[in-house]
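Please read the structure below before turning to the comments.
Count residues from 1 along the sequence.
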Amino acid sequence: MHLTKLSEAFLRSAAYERRFLAKNHWDLSMVVWIPLATVLLIWWIFSQTQITDLPIGVIDQDNSAVANTTVRYLEASPTLTVRQLYYSPADAEAAILQRDIYAVVIIPEDFSRNILSNKPAPLILQVNAQYGTHSGIIQTAVQAVASTLSAGVEIKRLVKQGVGPSQAMTAYSPISIQRISLFNAATDYQQFLASTVIPALLHILAMVVGATTIGRELRDKNIGHWYRFISTGTPDLALVKSSKKAAALNTTQDSTNNTAPSSDSKMPNSVSISVLLSGLLGKYFWPILAYSLWSALVLWLVTSNQNISIGSIIAVYIGLLCLMILSFWLGAIFTLNSFSLRMGLSTTGFISAPSYAFAGVTFPYIAISDSAQYWSNALPLTHYLKLHIAQLQMQAPIAISVPIVYGLALATIIAMLLTALLTKRALAHPERWGAR
């Protein structure tokens with residue numbers, strides 16, 4: 001009998017939420033269309049998996065054959081394209097400020113003469129370091145061109161002195177680096193950034209959905225009605241035409257009867273934690289179902305061109321699903337704790353929006369301060385991305401990441417119980433309902 005009551009509470013709450021979403025297109029969009037558009041848009045943005053043809057400018061003050069060779073080498077680099085030859089530093093600076101180019105290479109006036117005289121002949125690179133990724137790629141490419149030119153000049157000089165070509169190459173560079181990329185050898189930005197940015201954005205959206213789903217009941221003073229409906233079946237709040245009309249009706253009733261609270265805002269006689277848990281699971285059933293589909297879509301996009309073991313995919317999917325559900329509960333916790341949807345949304349934004357910056361993906365985790373590391377370890381996104389990178393990018397043994405899956409699952413259960421307790425507390429204080 002008790003299980004029947006809990007299942008009825010779940011079904012009533014899910015049916016109520018379904019009817020609400022059908023009548024409120026913005027809330028439906030936060031559950032369905034906005035996360036779907038986010039996943040597809042980010043994947044499309046990084047559809048060009050490698051950065052190529054970054055525009056640079058060249059100021060050739062030497063106008064020699066060696067200078068022309070340098071320009072051709074710069075143009076031949078796959079990551080660079082010489083957008084234009086400039087004849088004054090002012091024109092090049094204006095182009096950088098307008099973002100027509102990201103750097104300018106200056107070939108000095110005595111470039112070829114210094115090379116023939118065995119004197120230093122530097123190429124001057126002025127790069128817009130405001131864009132870290134752009135500037136790093138440009139500096140690496142220009143350095144490669146300079147090294148190639150230097151090797152060619154030195155080897156040619158040694159050959160003219162009678163040294164064999166192979167000996168000349170060894171003499172020029174007796175120590176070389178054999179670089180082996182262990183992970184993401186193709187420097188695939190879709191794998192490196194897109195696959196981690198999308199879960200971070202879904203994490204933000206899920207926290208917003210979590211805050212608004214329970215927060216609107218507090219804001220519109222309907223949380224008491226909602227609990228009575230899921231526990232007894234009456235009254236059916238889903239038939240209320242709109243939240244604004246309900247709020248206006250409450251205001252009118254309060255103005256006509258200031259001495260006694262309306263029956264709509266009374267606390268239920270008794271509150272069952274088990275019924276609350278079932279009702280909350282029903283209330284968040286549709287967001288959980290939708291975000292589980294978006295999580296599956298993300299993993300399909302990430303793993304479609306990779307040979308990933310099924311065990312790693314399952315572990316990452318469970319971890320991502322736990323992150324999404326945990327995000328719902330965290331959004332609800334922040335709102336219920338403050339009795340204010342506005343404060344709940346502000347807190348979710350404060351915590352979730354910068355969480356990607358602390359996760360150690362774009363900025364090394366070991367390079368941030370100790371206090372920032374403590375904050376990073378407190379964020380669930382950090383732990384999920386460790387799982388994601390280890391299994392999908394590094395293809396590490398699954399045993400390494402199993403504790404993270406357990407930790408996210410445990411945190412989800414604890415957050416769900418805390419949400420139920422805070423909902424019970426909210427039901428006990430009807431005088432605080434209606435805060436914006």
Side-chain angles (χ1 to χ4, degrees), residues 13-14 16-18 20-21 23-35 38 199-227 230 237 242-244 246-247 276-277 279-292 294-295 321-356 378-381 384 408 411-427 429 432-436:
S13 185
Y16 163 66
E17 193 66 19
R18 178 184 61 81
F20 179 87
L21 292 175
K23 294 180 180 180
N24 294 268
H25 301 297
W26 173 250
D27 293 85
L28 179 64
S29 297
M30 286 294 296
V31 173
V32 178
W33 304 119
I34 293 179
T38 298
L201 295 176
L202 290 180
H203 170 58
I204 298 173
L205 293 175
M207 289 190 70
V208 172
V209 171
T212 55
T213 300
I214 195 66
R216 62 173 180 261
E217 307 297 345
L218 279 173
R219 180 195 61 193
D220 300 331
K221 301 183 180 180
N222 286 333
I223 190 169
H225 278 306
W226 169 76
Y227 179 76
I230 66 173
L237 278 186
S242 68
S243 300
K244 292 184 178 180
L276 264 182
L277 284 172
L280 287 170
L281 287 173
K283 192 169 185 60
Y284 285 92
F285 172 75
W286 301 110
I288 291 174
L289 177 61
Y291 278 73
S292 65
W294 311 144
S295 300
L321 191 57
C322 287
L323 176 67
M324 295 297 102
I325 300 175
L326 177 59
S327 301
F328 293 140
W329 299 137
L330 289 176
I333 287 170
F334 296 141
T335 301
L336 291 167
N337 185 58
S338 61
F339 282 88
S340 169
L341 177 57
R342 176 177 56 82
M343 288 299 298
L345 290 174
S346 299
T347 307
T348 58
F350 174 77
I351 292 177
S352 63
S355 59
Y356 188 76
L379 298 174
L381 180 64
Y384 166 74
L408 289 173
T412 301
I413 295 173
I414 294 174
M416 180 177 63
L417 295 174
L418 182 57
T419 302
L421 292 175
L422 289 174
T423 304
K424 183 177 182 180
R425 188 192 72 163
L427 289 168
H429 294 280
R432 299 190 65 179
W433 301 348
R436 296 290 169 177

Apply the test side-chain contact (heavy atoms from CB on, under 4.5 Å) to residues Tyr284 and Ser13: give CA-CA distance (whole Å), side-chain angles for both, the deciding distance (0.1 Å), then the verdict.
CA-CA 9 Å; Tyr284 285 92; Ser13 185; over 6 Å; no
Distance-only, no hydrogens or angles: does the Trp433 side chain make a donor-acceptor pair with backbone N or O of Glu217 under 3.5 Å?
no
Donor-acceptor contact present, side-chain Arg432 to main-chain Leu218, <3.5 Å:
no
Reported CG-to-CH2 distance for the pair Leu418 and Trp329, which is rounded to 0.5 angstrom
11.5 Å
Exercise: identify the closest heavy-atom pair between Ala211 and Thr335:
CB-OG1, 3.3 Å
For the pair Thr348 (side chain) and Gly331 (backbone), establish whether a donor and an acceptor sit closer than 3.5 Å, ignoring hydrogens and angles.
no
Gap separating the OG1 atom of Thr212 from the CZ atom of Arg219, nearest 0.5 angstrom:
9.0 Å
Side-chain (Trp294) to main-chain (Val31) donor-acceptor, under 3.5 angstrom:
yes
Using the rule given for side-chain contact (heavy atoms from CB on, under 4.5 Å), can you reason through His203 versus Tyr384, listing the C-alpha separation, both sets of side-chain angles and the distance that settles it, and then say yes or no?
CA-CA 11 Å; His203 170 58; Tyr384 166 74; over 6 Å; no
So does Ile204 get a backbone contact from the side chain of Ser352, meaning a donor-acceptor N/O pair under 3.5 Å?
no
Where do Leu202 and Met324 land on the side-chain contact (heavy atoms from CB on, under 4.5 Å) test, with the steps shown first?
CA-CA 7 Å; Leu202 290 180; Met324 295 297 102; 3.8 Å; yes
Do you know the tightest heavy-atom contact between Leu21 and Leu28?
O-CB, 3.6 Å
Check Met30 against Pro35 and note the closest heavy-atom contact, atom names and distance.
O-CD, 3.3 Å
Thr412 side, atom OG1; Leu321 side, atom CG - distance, nearest 0.5 Å
8.5 Å
Is Asn24 reaching over with its side chain to a backbone N or O of Phe20, donor-acceptor style, under 3.5 angstrom?
yes
Taking the side chain as C-beta and beyond, is there a heavy-atom pair between Asn337 and Arg425 under 4.5 Å?
yes
Ignoring hydrogens and angles, tell me if any N or O in the side chain of Tyr291 forms a donor-acceptor pair with the backbone of Ile325 under 3.5 Å.
no
Can you check whether Ala14's main-chain N or O pairs, donor with acceptor, with Trp286's side chain at less than 3.5 Å?
yes
Heavy atoms of Pro380 and Leu408 approach each other most closely as O-CD2, 4.1 Å
From Leu205 CG over to Phe328 CZ, what is the distance, rounded to the nearest 0.5 angstrom?
9.5 Å
Rounded to the nearest 0.5 angstrom, the CE-CZ distance for Met207 and Phe334 is 4.5 Å
